[in-house]
Amino acid sequence: MSLSPSRIFAELNAVCPPVQPSPIMGTAIVLGGSVAGLLAARVLSDYADSVVIIDRDAPQVTGARPGVPQGTQLHALLPGGFFQLERLFPGFRDQAVARGAVEAPPTARRNYLDGRPRVVVPDDADTLAGSRPLLEGLIRQQVLRLPNVKTLTARATGLVFDGTAVTGVRYDVGGVPGVENGDLTVDAMGRSSRLSAWLEQADWDRPVTRRMTVRLNYATAQFRRPAATPASTVVLALNTAKTASDVAGAAFFAIEDGRWMAMMAGYGDYHPGHTADDFVRRLREQFPPEFGAVAGQEMLGDVQTYHHADSRRRDFHALKRFPAGLVSVGDAVASFNPVYGQGMTAAGLHAACLSTYLRSGPDLTQPAHQYLALQKVVVDAAWSTSTSADLALPHVDGPYPRGYRITSWASRQIIAATVTDLATARRFNEVVSMRAHPLSLARPGVLLGAVRANRRAR
């Protein structure tokens, strides 16, 4: 009997590595040294004699990576992602804090909706605040310490097929071609992954790519942080469409080296915070007092801007024909509106799917349908959470899922209730932090409780 999406999601969040994993393959190849690729390599190290990470960027432990143009922007590590990192790398919290990451228990996180503070859930899960280079650098260091993991600085140029299976990867190093043979290849090439084109060129079906145009413009700036430990280390303020503001939201985190990292976002033709003066002015005038306090500190460096055109997903799970020896992870499968901070956490859950699949002792000469089915549950959860919020934006015109008017009304009731009702806020936080499936919010009791809470608030 198949498990429900909620049960699968719960098991992925509770999964533990086997006590004594046994290798089931000779060589595994990971295309891309992103967070998703590194986490996949960590899982594969338990099941492969050798793991080869092929990436254009030379491996580095510190600093922003050239292959991550958004690496200078603020990145959130949701509690669900923090759990996955601690599971894969026991002691990750302590090592990250030793490098300057700042602990963010629920009592140190503040969340505003249209300027109103949401109720604090004291028993919520912990997480960490730190820059992406710090977190990714620590992950990379942990992975490259593994004795059976090596890196190859090269540009992947295609796949090698033998009948109905992928048996290797073609690559190029300074104009010199080469081939790396492997039993399982993992695509972690991100949003710009060329896997779909490679499949089509080899007479395999190309997956359908679904897109939702969001036209997000966001900017990040850093400020000097006083030496004293702040009461709030993570502060988020979101504006709904009803506020008619050109700023979709702002956030600031305490990060390493005594800094604040602050972010501001707008949609469509709005580019709030694109200059230092505009950034500081808006933090002071359009957001709660905590933001003004950060803006009053010395700005370090320039404002860094970035544009995110759309959310997208590639439905590999829907392909009737798919080669053996091949899977995808991370943004290569689905990438979402970064305002919701799902990227690193989704990558961690994809790694949990891969771990669950390999632990079952699969036949690697057959397509990885079991893995694709598990991954679909994670992608569906993240996609439904982010796109349902995006559809409420005035400049987004679909596609609208069946029953959207009803689900949209229910979603507005639940989100509004998170301002005042502890029970609703607790359930909502579990979903948006990717520790529970969105279906848990669809239970009649949850909606009824939200409606009652909103009536009491009025």
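Numbers here simply count residues along the sequence, with the first being 1.
In this structure, the side chain of Ser6 does not engage the main chain of His437 through any donor-acceptor pair within 3.5 Å. Between the Asp187 side chain and the Met189 main chain, a donor and an acceptor come within less than 3.5 Å of each other. Panel note: side chain Ser4, backbone Arg7; a donor-acceptor pair is recorded below 3.5 Å.
Ring orientation note: the planes of Phe291 and Phe287 are tilted relative to one another, at an angle of 30° to 60°. Using cut-offs of 30° and 60° on the angle between ring planes, the pair His395 and Tyr267 is tilted. Classification of the Tyr218-Tyr306 ring pair by plane angle, with boundaries at 30° and 60°, yields perpendicular.
Residues Arg191 and Ser335 have side chains that bring a donor and an acceptor to within less than 3.5 angstrom of each other. In this structure, a donor-acceptor pair under 3.5 Å is absent between the side chains of Ser386 and Asn337. Side-chain N/O atoms of Thr345 and Gln84 include no donor and acceptor closer than 3.5 Å. With no hydrogens or angles considered, a side-chain donor-acceptor pair links Gln141 and Arg99 at under 3.5 Å. If you check the side chains of Thr418 and Arg118, you find a donor sitting under 3.5 Å from an acceptor.
By the 6.0 Å contact criterion, CZ on Arg321 is enclosed, its count of non-hydrogen atoms from other residues, nucleotides or ligands being greater than 12.
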Step by step, work out the side chain to side chain contact (heavy atoms under 4.5 Å, CB included) result for Gln73 and Gln304. CA-CA 7 Å; Gln73 301 295 320; Gln304 303 291 325; 3.6 Å; yes
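With contacts defined as side-chain heavy-atom distances shorter than 4.5 Å, the pair Tyr47/Leu364 does not qualify.
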